Structures are given as C-alpha cells and as structure tokens.
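We count residues from 1, following the sequence as given. Everything quoted here is computed from the prediction, not taken from an experiment. The figures here come from the full heavy-atom set of this structure, side chains too, leaving out hydrogens, waters and symmetry mates.
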Amino acid sequence: MVVRSHTLAVPTADGVADAFLAHPGDGAPHPAVLVFGDAFGPRPVVRAYAERLAGLGYVVLVPNALYRAGAAPVVELPDFIDTVRRDEIFARLRPLLTALTPDLVVRDAAAYLRLLADSPLTTGGPVGLTGYCMGVRLALHTAAAYPDRVAAVAGFHGGRLATDDATSPHTVVDRIRAEVYLGHADTDPGLPPEQIDRLDAAFRAAGTTFRTEVYAGAAHGFTQPDTDVYDEKADDRHWRELTGLLARTLG
C-alpha cells in the first residue's frame with residue numbers, strides 16, 4: 001500500500017503542537033491511531049513506526065507531547081542513544097516530563113482526537129491508542145477521559161503506572177471502556193511487580209477487557225531501535241500484539 005506522510009501543526013488549548021501524520025494514499029477513509037511516543041519524542045524511528053502502521057490501513061497521528069518546550073526534538077538527540085547519553089538526555093527532559101500533568105495530557109488529547117475525528121482521511125469512529133514508555137501513561141489517561149472516543153489501548157514498557165501518587169494512571173482505569181493490552185519490560189525499575197499487580201487489580205475491579213504480559217529478558221525501551229536497549233524479538237512480539245488488537249477493535 002502506498003503511504004503518504006507529512007508534518008502538521010495541531011492547535012491546542014495551550015498553543016500549537018507539532019505532529020507527524022501518516023496515512024494510506026488510496027484516498028479512502030481509514031480508522032485512526034493516535035501514538036504517544038517515549039520521552040525522546042517524534043524522530044526518524046517513530047516516523048518509521050507510524051508509516052508501518054499506515055501501510056496496514058490506518059491513519060496515524062504522532063504528536064510532540066512536549067511541544068510547550070518547543071518543536072521536536074525538544075533536546076538534541078544523537079543518532080544512537082546509549083546508556084551514557086540516555087542519562088544526560090533524561091536529566092534535561094525530566095523537568096518537562098514532571099510538568100506534563102494529567103490535566104494537560106487530557107486537554108491536549110482533546111485537540112488530537114478532534115483533528116482525527118474531523119479529518120476526511122479517517123472514518124470518524126473511535127480510535128486506537130498506543131503508547132511507549134511515558135506514552136503509556138498518556139494513553140491510559142486519554143482513554144479514561146474520552147471513553148466514547150477510544151476503542152483500543154496498547155502500551156509497551158511503560159513506567160510508574162500504579163504508584164501512590166493521586167494522579168497515578170491506575171486510579172482512572174475504571175473509566176476506560178476500550179480493550180487494553182500492555183506489554184511490560186522485564187525487571188523494569190519504573191514498574192516493579194507490585195505496581196503490575198496493583199494495575200491488574202484495578203483493571204479487574206473495573207471489569208476492563210485487558211491483558212498484561214511481562215516480556216521476559218526485555219529491558220525498558222525494548223521497541224526503540226535507535227537505543228542500546230532494543231530487543232528485536234520483543235519488538236516483533238509487540239508488533240503482533242499491537243496489530244492484533246487494532247484489527248479486533250478497529251477493523
């Protein structure tokens with residue numbers, strides 16, 4: 001399938017978010033997928049993922065969640081991110097991530113969902129969400145805030161999903177009506193077993209259709225091929241689970 005892609009500006013309540021859009025080039029409307037990337041933001045590997053999804057028949061929007069700090073990349077990124085560079089980059093990103101509260105996430109998501117609903121490229125129906133690292137938190141808060149607009153939520157190597165913080169994502173999953181699949185990294189310091197258990201318990205209590213799995217041996221960030229934690233086997237599994245979920249829920 002021919003895929004077309006371009007950058008665009010999305011007006012939000014707080015400014016303008018830069019974003020990347022990929023879609024089939026056949027002129028027909030297709031279901032939409034909103035991608036919340038990791039803290040490093042939209043970059044070539046993320047665009048490649050969006051184009052791969054578009055090639056499967058989806059309209060894919062990848063916003064820069066940290067647009068309030070500038071266009072992506074909001075900090076300079078090397079072509080390949082190793083452990084040393086990762087620590088340096090996160091030291092600069094951490095204040096921006098802390099400032100991105102659930103209220104801001106939900107406010108921004110309204111603009112992204114509106115753009116997808118109004119676009120002639122999409123069917124206008126409920127969308128699928130997928131998140132990576134910090135993007136899992138964004139996806140869960142978005143699905144909880146707009147349950148009628150979200151049919152599926154996928155998340156991979158997310159962290160801090162069931163903490164003692166009052167705004168922890170696990171506190172809002174009772175509002176989610178979408179089917180949920182989460183693939184966790186193994187021995188992830190940001191998501192220890194007690195958080196996984198707490199999150200699963202919240203899903204069960206809410207009656208959510210969900211499945212969570214720990215990818216044995218896979219480190220936090222396992223889907224990102226421009227980093228030294230990339231795991232090809234785990235990434236392939238992520239693609240199978242993501243595309244299966246989207247096929248079931250979006251058609």
Side-chain angles (χ1 to χ4, degrees), residues 17 32-39 41 46 49 53 60-66 96-113 116 126-185 188-215 220-223 238 241-242 244-246 248-250:
V33 177
L34 175 57
V35 176
F36 292 111
D38 62 12
V46 180
Y49 273 34
L53 278 176
V60 186
L61 179 68
V62 187
N64 170 20
L66 301 179
L96 306 180
L97 301 176
T98 301
L100 188 61
T101 64
D103 285 346
L104 295 181
V105 169
V106 168
R107 200 153 71 214
D108 291 343
Y112 307 145
L113 294 172
L116 291 171
V127 308
L129 307 180
T130 183
Y132 300 89
C133 297
M134 77 157 193
V136 182
R137 177 172 60 90
L138 276 57
L140 291 172
H141 279 294
T142 297
Y146 305 103
D148 294 334
R149 292 288 300 122
V150 179
V153 180
F156 302 90
H157 45 81
R160 298 186 58 78
L161 302 180
T163 69
D164 293 331
D165 190 279
T167 62
S168 174
H170 82 284
T171 65
V172 298
V173 300
D174 59 317
R175 306 174 201 167
I176 294 176
R177 298 179 188 171
E179 180 178 343
V180 178
Y181 174 85
L182 301 179
H184 303 309
D188 187 340
L191 195 73
E194 56 268 25
Q195 283 197 40
I196 295 175
D197 291 344
R198 182 185 289 181
L199 180 61
D200 286 355
F203 280 131
R204 285 193 294 270
T208 307
T209 300
F210 81 102
R211 184 160 56 96
T212 65
E213 297 180 305
V214 175
Y215 287 26
H220 180 83
F222 59 76
T223 64
H238 133 259
E241 295 294 349
L242 173 60
L245 174 66
L246 296 179
R248 286 194 303 275
T249 56
L250 303 183

- Sidechain-backbone polar pair: Tyr146 side chain, Val106 backbone, donor-acceptor under 3.5 Å: yes
- Query: At what distance, to the nearest 0.5 angstrom, does OG1 of Thr171 lie from CG of Leu161?
  - Reply: 11.5 Å
- Message: Using a 3.5 Å distance criterion without hydrogens, assess whether the side chain of Thr163 forms a donor-acceptor pair with backbone atoms of Asp165.
- Response: yes
- Query: Which pairs, with at least one residue in residues 96-106 and sequence neighbours excluded, count as a side-chain hydrogen bond (donor to acceptor under 3.5 Å, both in side chains)?
  - Reply: none
- Smallest separation among heavy atoms of Pro126 and Ala151, with atom names: CB-CB, 3.8 Å
- Query: When you measure from the side chain of Arg177 to the backbone N and O of Asp148, does any donor-acceptor pair fall under 3.5 Å?
  - Reply: no
- Item | From Thr208 atom OG1 to Asp200 atom CG, the distance as rounded to the nearest 0.5 Å | 10.5 Å
- What are the two closest heavy atoms between Arg149 and Leu113, and how far apart are they? NH2-O, 3.5 Å
- Inter-residue atom distance Tyr181.OH - Glu213.CD, 0.5 Å rounding: 3.5 Å
- Task: Sequence neighbours left out, what passes ring pair (Phe, Tyr, Trp, His ring centres under 6.0 Å) with His170? Give chain and number order.
- Result: none
- Task: Evaluate whether atom CZ of Arg248 has more than 12 neighbouring non-hydrogen atoms of other residues, nucleotides or ligands under 6.0 angstrom away.
- Result: yes
- From Leu61 atom CG to Leu53 atom CG, the distance as rounded to the nearest 0.5 Å: 12.0 Å
- Query: Between the side chain of Thr130 and the main-chain N/O of Gly155, is any donor-acceptor distance below 3.5 Å?
  - Reply: no
- Task: Measure the spacing between OG1 of Thr223 and NE2 of His157 and express it to the nearest 0.5 Å.
- Result: 3.0 Å
- Item | Aromatic ring pairing Phe156/Phe222, orientation class (parallel under 30°, perpendicular over 60°, tilted between) | perpendicular
- Minimal heavy-atom distance between His184 and Thr212, with the atoms involved, is NE2-CB, 3.8 Å
- Do the rings of Tyr49 and His238 sit parallel, tilted or perpendicular, given the 30° and 60° boundaries? parallel
- Task: Please answer whether the main-chain N or O of Ala162 pairs with a side-chain N or O of Gln195 as donor and acceptor at a distance below 3.5 Å.
- Result: yes
- Mind listing the closest non-hydrogen atom pair of Ala154 and Leu245 along with its distance? CB-CD2, 3.8 Å
- Item | Flag side-chain contact, heavy atom, 4.5 Å: Leu199 against Phe210 | no
Expected list for residues 136-143: side-chain donor-acceptor pairs under 3.5 angstrom, two or more places apart:
residue : atom : partner : partner atom : Å
Arg137  : NH1  : Leu100  : O            : 3.4
His141  : NE2  : Thr167  : O            : 3.2
Thr142  : OG1  : Leu138  : O            : 2.8

- What closest approach, in Å, do Pro63 and Tyr112 show between heavy atoms, and which atom pair accounts for it? CB-CZ, 3.5 Å
- Item | side chain to side chain contact (heavy atoms under 4.5 Å, CB included) between Phe36 and Met134, intermediate numbers included | CA-CA 8 Å; Phe36 292 111; Met134 77 157 193; over 6 Å; no
- Shortest non-hydrogen contact from Leu250 toward Gly128: CD1-N, 3.7 Å
- Message: Quick one, Arg198 and Asp164 - any side-chain contact, counting heavy atoms below 4.5 Å?
- Response: yes
